Amino acid sequence: MKPVIFDVDTGIDDALAMAYALSSPELELLGFTTCFGNVPVEEATRNTLAVLEMTGKEIPVYEGADQTFKRGIKPEWARIVHGEDGLGNVLQSTPSNRAASSSAEDFIIEQVKSRPNEITIIAVGPLTNVARAINKAPEIIPLVRDVVIMGGAVNVPGNVTPYGEANIVADPEAADYVFSSGLSVTLVGLDVTMETLLPLSQVDRWRNVDSNIAHFFADMTEHYIGAYESFYPGIGGCALHDPLAVGVVIDPGFVQTEFMKVSVITEGEETGNTVGYKDSEPKIRVCTGVDAPRFLKHFLSRMTEVMSFS
Ligand code: BDR
Ligand code: CA
């Protein structure tokens, strides 16, 4: 089992990624850390606790950044994509559990120090918590096994601007700090995630299962697919951005990668652009190809297991 800290800004695809991770015996989930992003951080924490409660899994949640790393900005939320509650407007009650008392960055530092070279951080929101942790304790940089990041668009256009992907645009300074830090990084960007489309026909199958959790995930994902159809008419599904980052940790063979330095533009109209340089250091692993059908099959088989959780 790979020990994992999972950093989320829980909107819809984060929730799907959580479900995928929670149903995967290859992963030992040490804790979830939350960040602003799709929604403000308090709502990301609430949504993370709600998904955990829905699945019946008891894993600690640590609240993290409520604003960007350097400039202290609270960016635009993504309610237009993820719904007013961040979960496709399906959240019916407030979770009864609370976040743990330590902060996301302190949890990351403490865990990495206690298990040197073992822990993979999966980060599927803005990179603020990771940046804060390595800024506070740079000695952990060589002790992290890998940081697998959903973010960026190296060889393809962005999704919130012509250049930028949402998680990087939300905190470009944090992303640049992480990419240039010397951390081992695997970047799972739009280059590959936009090829992993979940069609409505598959989601409709979840409705055949007579359980609250099945209907929760079906309704939530149907909202996400609706948002995708409105932004990309005729696309035929929603992109499994955050679940693919989990998939890459479970089975790195789902993707092809290339090593390159990635810089983030932090000023001007190209803010958030992730630019790859093949001949410069430090190099990170950038996903450039994906076996989307094999990944989708694996994701769906694990989601079938989730439907029986209670
Ligand atoms: C990323 O942005 C967020 O809206 C999603 O949760 C995902 O992490 C995709 O660009
Ligand atoms: Ca996310």
Side-chain angles (χ1 to χ4, degrees), residues 5-18 31-52 60-89 91 94-95 97-109 121-136 147-153 158-161 164-179 188-190 193 220 224 227 241-242 245 264 266 271-272 274:
I5 296 172
F6 198 171
D7 191 71
V8 290
D9 61 328
T10 306
I12 298 174
D13 62 324
D14 304 72
L16 291 169
M18 286 180 66
F32 288 90
T33 53
T34 62
C35 188
F36 71 89
N38 290 321
V39 287
V41 71
E42 308 77 40
E43 295 178 39
T45 302
R46 177 202 63 198
N47 291 352
T48 306
L49 290 164
V51 172
L52 281 169
V61 177
Y62 299 84
E63 190 161 281
D66 68 347
Q67 53 188 254
T68 61
F69 181 46
K70 288 207 172 144
R71 302 189 202 199
I73 296 167
K74 296 184 182 182
E76 299 272 306
W77 317 123
R79 299 194 199 278
I80 192 163
V81 177
H82 295 269
E84 277 308 303
D85 60 5
L87 292 176
N89 305 322
L91 199 59
T94 310
N97 289 333
R98 294 275 166 273
S101 55
S102 45
S103 70
E105 68 201 70
D106 286 343
F107 175 68
I108 292 171
I109 294 166
I121 301 171
I122 305 177
V124 299
L127 288 166
T128 325
N129 289 334
V130 180
R132 281 185 177 185
I134 59 170
N135 185 46
K136 188 168 182 181
V147 189
V148 179
I149 294 165
M150 190 286 128
N159 59 359
V160 288
T161 74
E165 180 280 327
N167 289 337
I168 306 298
V169 170
D171 196 348
E173 279 93 0
D176 199 50
Y177 191 71
V178 169
F179 297 166
V188 185
L190 300 182
T193 63
M220 184 189 76
Y224 197 46
H241 301 291
D242 295 348
V264 182
T266 57
T271 294
T274 42

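Bear in mind the structure is a predicted one, so any value in this text is a computation, not a measurement. Only this structure's heavy atoms are used, side chains among them; waters, hydrogens and symmetry mates stay out.
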Considering all heavy atoms of both residues, which atom of P75 and which atom of A170 are nearest to each other, and what is their separation? CG-O, 3.7 Å

Please check this pair: side chain of T68 against backbone of I73, looking for a donor-acceptor N/O pair closer than 3.5 Å. yes

Does E42 have more than 12 heavy atoms from other residues, nucleotides or ligands lying within 6.0 Å of its CD? yes

Between I108 and R132, does a side-chain contact (heavy atoms from CB on, under 4.5 Å) hold up when you go through it step by step? CA-CA 10 Å; I108 292 171; R132 281 185 177 185; over 6 Å; no

Heavy atoms only: give me the nearest A50-L91 pair and the separation to one decimal. CB-CD1, 3.6 Å

For the pair L127 and F179, evaluate side-chain contact (heavy atoms from CB on, under 4.5 Å) and give the outcome as yes or no after the intermediate values. CA-CA 10 Å; L127 288 166; F179 297 166; 3.9 Å; yes

Salt bridge between K70 and E173, side-chain N to carboxylate O under 4.0 Å? no

Audit row: V188, V148, side-chain contact (heavy atoms from CB on, under 4.5 Å) steps and yes/no: CA-CA 7 Å; V188 185; V148 179; 3.8 Å; yes

Please name the pair of heavy atoms, one in E105 and one in K136, separated by the smallest distance, quoted to 0.1 Å. OE2-CD, 3.5 Å

Check the orientation of Y177 and F69. Use parallel for under 30°, tilted for 30 to 60°, and perpendicular for over 60°. tilted

To check you understand the geometry: which heavy-atom pair defines the closest contact between P126 and C35, and what is its length? O-SG, 3.8 Å

Side chains of D66 and K74, heavy atoms from C-beta outward: is any pair under 4.5 Å? yes

Distance, nearest 0.5 Å, that separates OG of S101 from CG of D106: 10.0 Å

Quick one: does D176's side chain have a donor or acceptor within less than 3.5 Å of a partner on V264's backbone? yes

Determine whether D9 and F36 satisfy the following criterion, side-chain contact (heavy atoms from CB on, under 4.5 Å), listing intermediate values before the conclusion. CA-CA 6 Å; D9 61 328; F36 71 89; over 6 Å; no

To the nearest 0.5 Å, how far apart are CG in N129 and CD1 in I134? 12.0 Å

Measure the spacing between OG1 of T271 and CD1 of I168 and express it to the nearest 0.5 Å. 12.5 Å

About how many Å separate CG of N167 and NE2 of H241, when rounded to the nearest 0.5 Å? 9.0 Å

For the backbone of G152 and the side chain of E165, can you confirm whether one donor and one acceptor N or O come within less than 3.5 Å of each other? yes

Of the non-hydrogen atoms in T128 and A65, which two are nearest, and what is the gap between them? CG2-CB, 3.5 Å

Minimum side-chain heavy-atom gap D171-R71 below 4.5 Å: no

Indicate yes or no: at least one non-hydrogen side-chain atom of I5 is less than 4.5 angstrom from one of Y62. no

Taking T10 as the fixed residue, which of T48, D242, N47 is the one that meets the side chain to side chain donor-acceptor pair (under 3.5 Å) rule? T48

Are side-chain N/O atoms of N38 and H82 paired as donor and acceptor at under 3.5 Å? yes

side-chain contact (heavy atoms from CB on, under 4.5 Å) partner of T45, the single match among V8, V39, T34: T34

Which heavy atom of M18 sits nearest to which heavy atom of F32, and what is that distance? CG-CE2, 3.7 Å

Could you tell me whether D85 and R46 have a side-chain N and a carboxylate O separated by less than 4.0 Å? no

